[in-house]
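In what follows, every chain begins at residue 1, and chains take the letters A, B, ... in the order their sequences are listed.
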Protein chains: 2
Amino acid sequence: MARLGLTPQRLAAEGAELADEVGFDRVTASALAQRCGVKVASLYAHIRSTQDLKVRIALFALNELADRAAEAVAGRAGKDALVALGNVYRDYAREHPGRYAASQLRLDSATAAASAGPRHSQLARAVLRGYHLGEPEQTHAVRLLGSVFHGFASLDLGGAFSHSVPDSEESWSWTLDALDALLSSQSPSNRRPPH
Amino acid sequence: MARLGLTPQRLAAEGAELADEVGFDRVTASALAQRCGVKVASLYAHIRSTQDLKVRIALFALNELADRAAEAVAGRAGKDALVALGNVYRDYAREHPGRYAASQLRLDSATAAASAGPRHSQLARAVLRGYHLGEPEQTHAVRLLGSVFHGFASLDLGGAFSHSVPDSEESWSWTLDALDALLSSQSPSNRRPPH
DNA sequence: TATTTTTCCTAAAGACTTTAGGCAAAGTCA
DNA sequence: TGACTTTGCCTAAAGTCTTTAGGAAAAATA
């Protein structure tokens, strides 16, 4: 009965660790309680349900990922920014597979709107400033970036590219080059920004 | 005790239906048994475990998806083939969200190798024949296509593009145009194939 | 200090998974 | 056809996870 001072935030963070260790789909209230040195029922003072816990982990991961993305994009522009942003997603999926899986959890629209999701779009928009796109091209490009980054990270994480030549790494560089070329050619001026 | 003639294949198909109705993560042996008009324990004559059931549903979905992709690509070339292939994935995710989620289930490498996964790569390669890429560009392009198709379908399904202007549909057309342009520019001849 | 709130606990009910053992239907073979 | 084996379904039961209810002690508040 020594009180441990658990909070929903702390539980989300511990849950994120647990997800990385055993997989997001195996995060249970039982396992988390054990990890925190507490009985299962005690968790229900802090979370409403296991689903609620999973949502909190998802929000935690989305936020952490947005923080990293913001850090990577700051002070960079053009292709540098594009590569830095892409690497954040790819590296996060590799370093924190459980959190990455959590970040893909389906959220209801109110929760999604209050999540760090919009920050991710904003960061993609910031990167695209270097390519001088108008609307609606910029929005399309935001979605393309999201699709490629998420799709690549997801397939890479799933092992779709492993045990096969060439290296996943090479395809990733090639993909970033291709995206840069594509976005540059979409620019109204149709010129590459200065290196 | 009227015997229903269940088989692992039939259970996978019923499981796929169930996944579309309630979501892949809520597919349980209990629910499937109820749906088949059988007691839970009876399922274990056909499947080893719930995990085994999920794997079978995943394989079912991958196969069905590959069949559709093959059908769409047959008799088409160039951009037509690219668009047709992309639409298969996008439409499948929309029509069969549970099956699409199942198709993303992580499989161990032996199972993955025996799945329809390789057929998907082959179909992407077939589409890319129209762009006359050499190696390793073709492999990179296969991966890019996989990333974009999967990423877009996944985000679209997650509602990331809904309730927002412009329409997801427009971004999809734009994306396919962009991919076509990109692949054409990667071609050694650097010329667009005839329309 | 007295009171209220919070955080932990034990207990218990309900759902899902999985194994064990039994019985009758379906398939096999004289 | 009748005996034998196999198969597919059943009931029963044990284990895990979720969730609620109610109680006791620590922490916060007045």
Side-chain angles (χ1 to χ4, degrees), chain A residues 1-61 98-99 101-102 105-108 111, chain B residues 1-61 98-99 101-102 105-108 111:
Chain A
M1 294 141 191
R3 296 164 78 147
L4 295 173
L6 294 180
T7 62
Q9 294 75 36
R10 185 90 202 279
L11 288 176
E14 291 288 342
E17 285 289 333
L18 184 59
D20 285 337
E21 290 166 13
V22 306
F24 183 58
D25 48 347
R26 285 190 214 162
V27 170
T28 65
S30 283
L32 183 59
Q34 197 163 18
R35 170 180 247 277
C36 294
V38 136
K39 298 294 175 181
V40 194
S42 305
L43 294 188
Y44 287 78
H46 308 286
I47 57 170
R48 256 196 299 287
S49 64
T50 297
Q51 181 59 21
D52 178 42
L53 170 66
K54 290 193 165 183
V55 169
R56 285 175 192 277
I57 297 174
L59 295 175
F60 175 91
R99 299 180 198 202
L105 184 68
R106 195 79 102 262
L107 304 174
D108 64 79
T111 309
Chain B
M1 296 136 192
R3 298 164 78 146
L4 295 173
L6 294 180
T7 62
Q9 294 75 37
R10 196 91 197 272
L11 288 177
E14 291 288 339
E17 285 291 331
L18 184 59
D20 285 338
E21 289 167 16
V22 305
F24 184 58
D25 47 347
R26 286 190 212 161
V27 170
T28 64
S30 282
L32 184 59
Q34 197 162 20
R35 169 180 248 276
C36 294
V38 137
K39 299 294 175 182
V40 195
S42 306
L43 293 188
Y44 286 78
H46 308 286
I47 57 171
R48 256 196 297 286
S49 65
T50 296
Q51 180 59 20
D52 177 41
L53 170 66
K54 291 194 163 183
V55 169
R56 284 175 193 277
I57 297 173
L59 295 175
F60 175 90
R99 298 179 200 204
L105 184 69
R106 195 80 102 260
L107 304 173
D108 63 78
T111 309

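To the nearest angstrom, C1' of C/dC8 lies 15 Å from CZ of A/Arg10. Taking atom CD of residue A/Gln34 and atom C1' of nucleotide D/dC17, one finds them 12 Å apart after rounding to whole Å. The separation between B/Arg26 atom CZ and D/dC17 atom C1' is 17 Å, rounded to whole Å. Atom C1' of nucleotide D/dT18 and atom NZ of A/Lys39 are separated by 16 Å, given to the nearest angstrom. What separates CG of A/Leu43 from C1' of D/dA21 is a distance of 17 Å, to the nearest Å. A straight line from CG of B/Leu6 to C1' of C/dA26 spans 15 Å, rounded to a whole angstrom.
The two residues B/Pro8 and B/Arg56 have their closest heavy-atom pair at CB-NH1, 3.5 Å. Listed here is the closest heavy atom pair of A/Ile57 and A/Ala102: CG2-CB, 3.8 Å. The two residues A/Phe24 and A/Gly98 come nearest to each other via the heavy atoms CB-O, 3.6 Å.
Counting non-hydrogen atoms of neighbouring residues, nucleotides and ligands closer than 6.0 angstrom, the CD atom of B/Gln34 reaches no more than 12 such neighbours.
Proximity of A/Arg10 to A/His46: side-chain heavy atoms (C-beta onward) are nowhere separated by under 4.5 Å. Taking the side chain as every heavy atom from C-beta outward, A/Leu107 and A/Leu59 approach each other to under 4.5 Å.
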Could you write nucleotides 15-21 of chain C as a row of B, S and -, 5' to 3', where a protein heavy atom under 4.0 Å of any base atom gives B, of only sugar-phosphate atoms gives S, and otherwise -?
-SSBB--
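Remark: A/Ser42 is in phosphate contact with C/dC9, judged by side-chain N or O atoms under 4.0 Å from OP1 or OP2. Residue B/His46 places no side-chain N or O under 4.0 Å from the OP1 or OP2 atom of D/dT7.
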